Amino acid sequence: MNQTFKNFQSRCLPLIDKTLFQLVETLKAPKFLKKAMLYSLKAGGKRIRPLLTLIVVASFEQKINEKIIKMASAIELVHTYSLIHDDLPAMDNDDYRRGKLTNHKVYGEGIAILAGDALLTLAFQVLTQNSSNEKLELVLVKLLAKVTGATGMVGGQVLDIQGEKKCLALDKMQKIHRLKTGSLLSYAVKAGLLITQSLNQWKNKIIPKEIEKHFLIFAESFGLAFQIRDDILDVTKTTEELGKTAGKDIAMKKSTYPLLLGLTGAKKALEQEITKANKAILSVEKMQTTFSAELLKQFIRTLKI
Ligand code: GRG
């Protein structure tokens, strides 16, 4: 496969955006609610999670079509909801995200909460709209529920709130990150594998457990690297550069990698996770001739500081 991550990204991002906007625009729902949902969807997210799903599929030499884009986009609706709720006064109380006013600052707290709720539920609706493969839809819905709720992101957010103003041990902090941030990234990778498995060439062939195991290691390290990078940027970049309030972790007295390991230690931990993620993906390439590690390797490289 000769395509670069940059090419893949510039081909897929407009398709993901178009899908997300259309999903909301075509809803028969109150105009003001749709406006609030679209406000956050249009605020310029990087679409890392749907891209991750699509890259996994494409790395198995599978063509990306409209249905796959739609399934991959569901996770972005969940991510957008989580950011709207995370910014609320009752949580992180942020006025800015991605350089723009947060949802509740524009639409008020009540509507922001409801816009988040509507985005979350829309994600499940989207996953069951293709109807050509009900088995795949059911598996994805079950998985999404698991990673989003009490056993995943919401559970992680609760531990995060309880951990504020405490100096947590590294393993406790990592558990929070695994649940809060890692759950959705792992889902994105697993969804890519499940979608691939359901496609024509793979019909009736299960992706071997050994390969899945390497993908899970990749997803875990990718998630941790993503979080360590976020923690480092929080203390090294300005509010303008971040598009959100810099130094927020210190202000909220949160345990972070730079706090527990120092900035140099955090940068080392980031490199270690990047190396682990690369190794896992190269192992898959060695085992599976119809898989190319190139796109994922380039994606991992974007996490370097
Ligand atoms: C409110 C239930 C609930 C959960 C919130 C994910 C989350 C849980 C809160 C976000 C807090 C945060 C800043 C976590 C660090 C990692 C992270 C998710 C960063 C933002 O993700 P990006 O970089 O964002 O993918 P964009 O803006 O590109 O969409």
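Bear in mind the structure is a predicted one, so any value in this text is a computation, not a measurement. No hydrogens, no waters, no symmetry mates; every other heavy atom, side chains included, goes into these values. We're numbering straight along the sequence, starting at 1. Remember, it's 1-based here, ligands and their atoms both numbered in the order they're listed.
Each of the following atoms of ligand 1 lies closer than 4.0 Å to a heavy atom of His85: 1 (C). Each of the following atoms of ligand 1 lies closer than 4.0 Å to a heavy atom of Lys46: 22 (P), 23 (O), 24 (O), 26 (P), 28 (O), 29 (O). Ligand 1 places these atoms under 4.0 Å from at least one heavy atom of Lys180: 6 (C), 8 (C), 11 (C). Shown in contact with Gln227 at under 4.0 Å from a heavy atom are these atoms of ligand 1, numbered in order with element: 15 (C), 16 (C). Under a 4.0 Å criterion applied to the non-hydrogen atoms of Lys244, ligand 1 contributes the atoms 13 (C). Within ligand 1, the atoms closer than 4.0 Å to a non-hydrogen atom of Tyr81 are 2 (C), numbered from 1 in the order shown. Atoms of ligand 1 found under 4.0 Å from any heavy atom of Arg98, numbered from 1 in the order shown, are 26 (P), 27 (O), 29 (O).
With salt bridges taken as basic N to acidic carboxylate O contacts below 4.0 Å, none links Lys244 and Asp234. Electrostatic pairing of Glu271 and Lys268 does not count as a salt bridge here, judged by no charged N lying under 4.0 Å from a carboxylate O. Ion pairing between a basic and an acidic side chain is recognised when a charged N comes within 4.0 Å of a carboxylate O; Asp160 and Lys175 show no such pairing. Between Glu25 and Lys34 there is no salt bridge, since none of the side-chain N atoms of the basic residue sits less than 4.0 Å from a carboxylate O of the acidic one.
With a 4.0 Å cut-off on non-hydrogen atoms, Lys248 does not touch ligand 1 at all. Here Thr181 has side-chain heavy atoms under 4.0 Å from ligand 1, and that is the only part of it that gets that close. Residue contacts with ligand 1, taken as heavy atom pairs separated by less than 4.0 Å, do not involve Arg47 at all.
For Lys35 and Tyr107, the positive end is not near the middle of the six-membered ring at less than 6.0 Å and at most 45° from its axis.
Residue contact annotation: His79 has a non-hydrogen atom under 4.0 Å from ligand 1.
Counting heavy atoms from C-beta on, the side chains of His79 and Ser82 come closer than 4.5 Å. Under the 4.5 Å side-chain criterion, counting only non-hydrogen atoms from C-beta, Met287 is not in contact with Pro208. Here the side chains of Asn103 and Tyr81 are not in contact, with every heavy-atom distance at 4.5 Å or above. The shortest distance between side-chain heavy atoms of Tyr187 and Val78 does not fall below 4.5 Å.
Atom 8 (C) of ligand 1 has as its closest protein heavy atom Gln157 OE1, 3.4 Å. Nearest non-hydrogen protein atom to atom 9 (C) of ligand 1 is Asp86 CG, 3.4 Å. Nearest protein heavy-atom neighbour of atom 15 (C) of ligand 1: Asp230 OD2, 3.3 Å. Of all protein heavy atoms, the one closest to atom 25 (O) of ligand 1 is Arg49 NH1, 2.8 Å. Here the protein heavy atom with the shortest distance to atom 17 (C) of ligand 1 is Phe226 CE2, 3.8 Å.
Ser221 places no side-chain N or O within donor-acceptor distance of the main-chain N or O of Phe218, the cut-off being under 3.5 Å.
Looking at ligand 1, you won't find any N or O of Glu76 less than 3.5 Å from one of its N or O atoms. Here's the thing with Ser82: none of its N/O atoms is less than 3.5 angstrom from an N/O atom of ligand 1.
Here the two rings, on Tyr257 and His177, have centers that are under 6.0 Å apart.
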